[in-house]
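Worksheet: the structure to be examined is printed underneath.
Owing to the predicted nature of the structure, the values given are computational and were not obtained by experimental measurement.
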Amino acid sequence: MNSDSDLQIAGDILEVPHLLQPVREHPATVAEFVGLARAIAADRAQWEHLVEYDATTRWYHRLRTGPGYEVWLLSWVPGQGSGVHDHGRSSGVLTLLQGELTERTERATRTLTAGAQRVFAPGYAHEVVNDSLEPAVSLHVYYPGLTEMPMLPRGLDSERAEGAPVPACATPQRATA
């Protein structure tokens, strides 16, 4: 008789090498990238001494790279913003380390406070702005590494409604509040 109930495992299953998952040196899944961002956020000694604030332009620093990903540290003084953009073919994790930022999409506006995380897919269009009176610091993990950040026109919905062509890279994912 050959059925699933006849299957028995003898001995220590962990001794079967092909059943063991190798320990990964670098993240490979969305959950692992989120975990990487959380681990870096929790270890202020890794990033706090690097932060600079520049009133004329947004400051950024590449904190780490790995196979297929990059980690960036950004500072935002009051009033600074990114403009409406997407991240080309990269997905990402945005983690707010300190302060407060506002994320605007065509569907929602969100206030992000320290510890907040946003995960986004390729083509996700948004604008990030420091609308507060205090500086903010954010951490960005991009996978694959960021190769482009196309700037997009504001009001994508109104342009579509009027029949104007929208660039292929400007196909934002629908966000809900």
Side-chain angles (χ1 to χ4, degrees), residues 27-38 40-41 47 51 53-66 68-177:
T29 66
V30 172
E32 289 171 344
F33 284 110
V34 168
L36 171 65
R38 284 185 182 158
I40 293 171
W47 56 268
V51 176
Y53 299 98
D54 186 334
T56 60
T57 185
R58 278 187 307 130
W59 174 89
Y60 52 91
H61 172 78
R62 187 164 50 193
L63 190 61
R64 180 184 302 181
T65 61
Y69 72 95
E70 297 178 322
V71 180
W72 290 85
L73 188 62
L74 282 73
S75 71
W76 312 73
V77 298
Q80 284 181 336
S82 65
V84 179
H85 66 281
D86 72 25
H87 303 90
R89 62 185 195 92
S90 298
S91 295
V93 179
L94 181 161
T95 303
L96 193 58
L97 302 177
Q98 67 184 47
E100 183 177 289
L101 292 174
T102 303
E103 180 192 34
R104 296 184 183 106
T105 68
E106 67 175 1
R107 306 295 283 172
T109 297
R110 294 173 188 80
T111 299
L112 307 174
T113 57
Q117 288 190 296
R118 298 281 296 146
V119 176
F120 53 86
Y124 177 75
H126 67 164
E127 177 179 33
V128 180
V129 179
N130 183 349
D131 285 332
S132 76
L133 299 175
E134 299 295 327
V137 179
S138 58
L139 183 79
H140 303 247
V141 179
Y142 298 109
Y143 50 96
L146 194 61
T147 58
E148 61 180 323
M149 195 175 102
M151 301 306 291
L152 306 173
R154 293 185 186 272
L156 296 174
D157 276 345
S158 63
E159 287 184 19
R160 275 191 222 125
E162 295 167 9
V166 177
C169 64
T171 314
Q173 302 294 314
R174 300 286 180 190
T176 56

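Taking R38 as the reference, Q117 meet the side-chain hydrogen bond (donor to acceptor under 3.5 Å, both in side chains) condition, with sequence neighbours excluded. Taking T29 as the reference, R24, A31, E32 meet the side chain to side chain contact (heavy atoms under 4.5 Å, CB included) condition, with sequence neighbours excluded. Remark: T56 engages D54 in a side-chain hydrogen bond (donor to acceptor under 3.5 Å, both in side chains) (not counting sequence neighbours). Judged as a side chain to side chain contact (heavy atoms under 4.5 Å, CB included), and not counting sequence neighbours, the contacts of P78 are N130. For Y60, the ring pair (Phe, Tyr, Trp, His ring centres under 6.0 Å) partners two or more places apart in sequence, or in a different chain, are W72. Legend: residues meeting side-chain hydrogen bond (donor to acceptor under 3.5 Å, both in side chains) with R58, ordered by chain and number and at least two apart, are absent. Checked against side-chain hydrogen bond (donor to acceptor under 3.5 Å, both in side chains), Q80 has no partners two or more places apart in sequence or in another chain. Evaluation of the side chain to side chain contact (heavy atoms under 4.5 Å, CB included) rule for V119 yields V30, V34, V93, Y143 as partners, not counting sequence neighbours. Looking at residues two or more places apart in sequence or on another chain, you find a side chain to side chain contact (heavy atoms under 4.5 Å, CB included) between E100 and T111, T113, S132.
Using a 4.5 Å heavy-atom cutoff, the side chains of V71 and L36 are in contact. With a 4.5 Å cut-off on side-chain heavy atoms, T102 and L112 do not count as touching. In this structure, the side chains of I40 and W47 come closer than 4.5 Å at one or more pairs of heavy atoms. Residues T95 and S138 are not in side-chain contact: their nearest non-hydrogen atoms beyond the backbone lie 4.5 Å or more apart. A heavy-atom distance below 4.5 Å is found between the side chains of L73 and V137. By the 4.5 Å heavy-atom criterion applied to side chains, Y69 and S90 are not counted as neighbours. Between V77 and W59 the shortest side-chain heavy-atom distance does not fall below 4.5 Å.
Residue pairs meeting the salt bridge (charged side-chain N to carboxylate O under 4.0 Å, His left out) criterion with at least one partner in residues 69-83, sequence neighbours excluded, are R62-E70. Sorted by first and then second residue, the salt bridge (charged side-chain N to carboxylate O under 4.0 Å, His left out) pairs involving residues 134-143 (not counting sequence neighbours) form an empty list. Annotation: ring pair (Phe, Tyr, Trp, His ring centres under 6.0 Å) contacts involving residues 85-110, sequence neighbours excluded, comprise H85-H87, H85-H126, H87-F120, H87-H126, H87-Y142.
How far CD of E127 is from CG of L101: 11.5 Å, rounded to the nearest 0.5 Å. L97 contributes atom CG, which lies 11.0 Å from atom OG of S75 (distance to the nearest 0.5 angstrom). We find the CZ-OG1 distance between R110 and T105 to be 5.0 Å, quoted to the nearest 0.5 Å. Here the straight-line distance linking atom NE2 of H61 with atom CG of L74 works out to 11.0 Å at 0.5 Å rounding.
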